[in-house]
There are 2 protein chains.
Amino acid sequence: MAEWASTGEAAAGDRDLLDRVRADMPDEECLYDLAELFKVFGDSTRIRILYALFESELCVCDIAEVLNMTQSAISHQLRVLKQARLVRNRREGKQIYYSLADDHVRTIIGQGMEHIDE
Amino acid sequence: MAEWASTGEAAAGDRDLLDRVRADMPDEECLYDLAELFKVFGDSTRIRILYALFESELCVCDIAEVLNMTQSAISHQLRVLKQARLVRNRREGKQIYYSLADDHVRTIIGQGMEHIDE
DNA sequence: TAATCATGTGAACATCTTTTCATGTGATAT
DNA sequence: ATATCACATGAAAAGATGTTCACATGATTA
């Protein structure tokens, strides 16, 4: 028996399997963007900011107060969230109000919650 | 006019709003776990591994070949994926086959894709 | 048993991240 | 205009992360 046919599952199609996997793989750029997106969710400060915005739009100093962090730290993170188009902002006088950009945020976080609650 | 009533949106409920936001915030541990989970998705190597496993279960060396990376690097990443319970494995002779642990993986990645395709 | 194959793992290195600190910008009020 | 408030931003320091390298483990075969 040839060595490439040694095991069940992966044995059948075989040389084709890896080719098929390669073929179905999205392009490099897409995968990179996807990883970048999840990286944004991968920080508890940013997760907390997003959760805060679930309730209502908030200005920077309010977020800072709720999370008990410096305004500067929050501002840096809001920039990351904005670049990922997860939040939007609008100015009102001196303050700038941030809100969730769309519903994917809720869905993604919701699915994440489901997974850890297993 | 008192300064705390200066703007529209956040002005009404007011002192209550931040309290409400604080109240609805999941506990620290939960938020941390959630961030940890997304951190796992936040690396293009791991995303590529997961995508490869969309197609079929695969052994470590096959994954390494498909991604054109060293077996060691893949092994390290599989450990991370396993600790996050995103993949499972089974032994078959010398080889160890990895597969997706559940459907949250597909859902989460799918939602991520939708977001970047905007 | 010894050799070999597939995989796991610890340490080291380079790189990237997050926060802090100091300062810059834009808007309001005096 | 000047002071003040809310926010943004660059640089630096501390910490976390991913890959490589060398080696260990576990299973098969000779």
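Here is how names work: the chains are called A, B, and so on, in the same order as the sequence lines, proteins then strands, and each is numbered from 1.
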With sugar-phosphate taken as primed atoms, P, OP1 and OP2 and all else as base, the protein-contact string of nucleotides 3-9 of chain D at under 4.0 Å (heavy atoms; B, S, -) is --BSBBB

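Summarising the geometry, atom CD1 belonging to B:I74 is positioned 11.5 Å from atom CD belonging to B:E65; distances are rounded to the nearest 0.5 Å. Atoms CD1 and CG, from B:I108 and A:L34 in turn, are 11.0 Å apart once rounded to the nearest 0.5 Å. Here SG of A:C30 is found 6.5 Å from CG of B:D117. Values are rounded to the nearest 0.5 Å. Put simply, NZ on B:K82 and CG on B:N89 are 4.0 Å apart, with the number rounded to the nearest 0.5 Å.
Residue A:N68 places its CG atom among 12 or fewer non-hydrogen atoms of other residues, nucleotides or ligands, all under 6.0 Å distant. With a 6.0 Å radius and a threshold of 12 heavy atoms from other residues, nucleotides or ligands, A:F54 has its CZ atom above the threshold.
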Output a table of donor-acceptor pairs, distance under 3.5 Å, between side-chain atoms of residues 35-51 of chain A and any protein atom two or more places apart or on a different chain; print 'none' if there are none.
from, atom 1, to, atom 2, distance (Å)
A:E36, OE2, A:K39, NZ, 3.1
A:D43, OD2, A:T45, N, 3.1
A:D43, OD2, A:R46, N, 3.1
A:R46, NE, A:V40, O, 2.7
A:R46, NH1, A:Q77, OE1, 2.8
A:R46, NH2, A:K39, O, 3.1

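Looking at residues 39-47 of chain B, you'll see B:K39, B:D43, B:T45, B:R46 sit with a heavy atom under 4.0 Å from some atom of DNA chain D.
Sorted by first and then second residue, the ring-ring contact (aromatic ring centres under 6.0 Å, His included) pairs involving residues 99-118 of chain B (not counting sequence neighbours) are A:H104-B:H115, A:H115-B:H104. The ring-ring contact (aromatic ring centres under 6.0 Å, His included) analysis of residues 56-90 of chain B, with sequence neighbours excluded, yields no pairs.
Under 4.0 angstrom from either OP1 or OP2 of D:dT17 there lies no side-chain N or O belonging to B:Q77.
C:dA6 atom C1' lies 13 Å from atom CD1 of B:I63, rounded to whole Å. Going from atom CZ of B:R90 over to atom P of C:dA6 covers 16 Å, rounded to whole Å. Distance B:R48 CZ to D:dT19 P: 9 Å, rounded to the nearest Å. Rounded to an integer number of Å, the gap from CD of B:E57 to C1' of C:dA6 is 15 Å. Nucleotide D:dG15 holds its C1' atom 14 Å from the CD atom of B:E36, rounded to whole Å. In this entry the distance linking NZ of B:K82 with C1' of C:dT9 reads 14 Å, nearest Å. To the nearest angstrom, C1' of C:dT17 lies 14 Å from CD of A:Q83.
Under the 4.5 Å side-chain heavy-atom criterion for Ile, Leu, Val, Met, Phe, Trp and Tyr, A:I116 and B:L100 are members of the same hydrophobic cluster.
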Taking Watson-Crick (N1-N3 plus N6-O4 or O6-N4) and G-U wobble (N1-O2, O6-N3), each under 3.5 Å, can you produce the dot-bracket string of DNA chain D? Use [ ] for crossing pairs and | for inter-strand ones.
||||||||||||||||||||||||||||||

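Contact of the B:Q111 side chain with the A:R106 side chain is not registered, since no non-hydrogen atoms from C-beta on lie closer than 4.5 Å.
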